[in-house]
Amino acid sequence: MKTDKLTVNMGPQHPSTHGVFRMVVTLDGETVVDLKPVMGYLHRNHEKIGERNTFIQNIPYTDRLDYLSSMSNNHGYVLAIEKLLGSEVPERAEWIRLLMVELTRICNHLWALGFLLNDLGALQTPMLYFYLERELILDFFEAAAGSRLLCNYMRFGGVAYDLPDYVRDQETISFLEELIYEHIPAILDQGDGLMTNNEIVRARSIGVGVLSREDAIGYSAAGPVLRASGVNYDVRRAEPYSYYESLDFDIPVRYNGDIYDRYLIRMDEMRQSLRILEQVLPHIKVTKGAPIIDGKPQYAIRMPSAGEAYGRVENPKGELGYYVTTRRRESNPDRYHVRAPSFINLTPLGKMCEGHKVADVVAILGSIDIVLGEVDR
């Protein structure tokens with residue numbers, strides 16, 4: 001039976017789009033023929049504001065890009081400015097940075113998988129299970145930085161504060177040991193047991209939203225979306241920064257490029273983050289009392305030399321890059337540009353949805369893991 005194609009809007013206020021986002025979907029019955037993402041509803045002139053702000057004033061603004069990964073956002077930006085300043089980060093500060101960004105990766109993936117399983121129809125339960133361990137990480141962030149979500153923690157040449165002595169009335173090291181060796185592994189094992197081989201999860205995700213290796217490269221996909229399509233690329237290995245070169249960990253890769261592999265890749269990455277954290281923790285212990293910032297604290301407001309720099313990190317959602325230029329010794333950049341992985345990973349959404357049903361679109365979008373604050377900037 002031949003029917004006319006119908007074009008409908010999903011959004012901009014659809015409850016499962018993780019923010020203000022619109023998809024223009026062309027349907028043949030219930031089958032998606034074409035999909036165009038429409039962005040920009042949360043545009044805040046982040047980059048233009050960044051050219052007005054002083055260099056250090058931009059740090060809390062980076063928190064508000066991917067607001068689930070503020071520690072990692074800070075890291076990429078301070079790396080770029082440190083290249084212009086020529087500053088060296090003390091050893092303890094580097095280990096603290098690694099501790100924070102790998103905890104952030106776990107924090108992000110727990111939330112992303114909770115949302116994904118919610119989008120697949122597992123209402124609330126998986127999210128609440130994952131949320132419990134994420135809360136413990138946020139308790140630690142609050143004790144260290146004074147904030148749970150928008151941390152504003154890193155500084156040029158180091159970090160703003162040393163680690164606290166206590167978290168939740170427990171010594172910090174013992175709190176971290178319990179978190180890394182007990183709580184997080186337990187919830188990952190539980191997630192595997194309850195959901196990885198769940199027949200509904202498998203039926204809704206295997207073979208759905210496939211992004212081939214060639215298309216992933218062609219669309220410049222990043223992070224778990226890229227690696228779930230069989231591309232072994234991670235900035236921590238491709239261009240090591242901080243102390244990643246000296247750490248023993250693997251880059252998980254999956255090869256089917258569907259929703260299920262994007263779920264598995266994040267489970268794999270959390271286990272690798274635990275491996276990294278197990279190697280970081282002894283250094284946190286032995287460097288206690290060492291400097292946490294290069295030179296005097298006032299060093300953070302020193303004006304960088306004229307030039308340009310690009311700082312990039314492997315954020316939980318993929319490569320996050322900051323391009324900064326300054327033509328003279330001034331307190332603010334001439335040009336400030338952010339390469340946001342959430343934005344990049346949305347570009348193949350239409351390709352991934354073609355031929356699937358309307359009900360699959362929300363799950364495919366959830367498997368990409370976007371934050372609209374980063375997409376629109």
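Computed over heavy atoms, backbone and side chain alike; hydrogens, waters and symmetry mates excluded.
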Distance alone, cut at 3.5 Å: any donor-acceptor contact between the side chains of [X] and [Y]?
{"X": "K317", "Y": "N108", "value": "yes"}
{"X": "E102", "Y": "Y244", "value": "yes"}
{"X": "T62", "Y": "N74", "value": "yes"}
{"X": "E178", "Y": "Q170", "value": "yes"}
{"X": "N53", "Y": "N58", "value": "yes"}
{"X": "E94", "Y": "S242", "value": "yes"}
{"X": "N73", "Y": "H75", "value": "no"}

At their closest point, which heavy atom of [X] faces which heavy atom of [Y], and how far apart are they?
{"X": "V324", "Y": "A80", "answer": "CG2-CB, 4.4 Å"}
{"X": "G76", "Y": "V313", "answer": "CA-CG1, 3.7 Å"}
{"X": "N256", "Y": "V210", "answer": "O-CG1, 3.6 Å"}
{"X": "A222", "Y": "P341", "answer": "CB-CB, 4.5 Å"}

With distance as the sole test, does [X] use its side chain to make a donor-acceptor pair with the main-chain N or O of [Y] at under 3.5 Å?
{"X": "R377", "Y": "L42", "result": "no"}
{"X": "N9", "Y": "V24", "result": "no"}
{"X": "S70", "Y": "L149", "result": "yes"}
{"X": "T54", "Y": "N332", "result": "no"}
{"X": "T325", "Y": "R335", "result": "yes"}

Using the salt bridge (Lys or Arg N to Asp or Glu O under 4.0 Å) rule, take R271 and D189 through it: C-alpha gap first, then chi angles, then the decisive distance, then the call.
CA-CA 10 Å; R271 295 191 186 279; D189 291 342; 3.2 Å; yes
With C353 as partner, the option from V361, V358, D360 fulfilling side chain to side chain contact (heavy atoms under 4.5 Å, CB included) is V361
From the options R339, H337, E47, select the one residue that forms a side chain to side chain contact (heavy atoms under 4.5 Å, CB included) with Y323.
H337
Rounded distance (nearest 0.5 Å) linking atom [atom1] of [X] with atom [atom2] of [Y]:
{"X": "F343", "Y": "E374", "atom1": "CZ", "atom2": "CD", "value": "11.0 Å"}
{"X": "I265", "Y": "R262", "atom1": "CD1", "atom2": "CZ", "value": "11.0 Å"}
{"X": "F140", "Y": "F175", "atom1": "CZ", "atom2": "CZ", "value": "8.0 Å"}

Got a sec: does the CD of E182 have more than 12 other heavy atoms crowding it under 6.0 Å?
yes
Within 6.0 Å of OH in Y166, more than 12 heavy atoms from elsewhere
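Atom OH in Y166 is not packed in, count stays at 12 or less.
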Are the ring centres of F130 and W111 closer than 6.0 Å?
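Ring centroids of F130 and W111 are no less than 6.0 Å from each other.
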Between Y336 and Y322, how do the two ring planes meet: parallel, tilted or perpendicular, split at 30° and 60°?
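Correct class here is parallel.
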Is it the case that R275 places NZ or CZ above or below the six-membered ring of F249, under 6.0 angstrom from the centre and within 45 degrees of the axis?
no
Does R254 make a cation-pi contact with Y260 (under 6.0 Å, within 45 degrees of the axis)?
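Output no; distance or angle outside limits.
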Trace of the side-chain contact (heavy atoms from CB on, under 4.5 Å) decision for Y219 with I217:
CA-CA 5 Å; Y219 280 103; I217 295 170; over 6 Å; no
Passing option when E314 is tested against R236, R227, R105, R237 for salt bridge (charged side-chain N to carboxylate O under 4.0 Å, His left out):
R227
Trace of the salt bridge (Lys or Arg N to Asp or Glu O under 4.0 Å) decision for E142 with R148
CA-CA 5 Å; E142 183 179 21; R148 300 169 68 79; 3.1 Å; yes
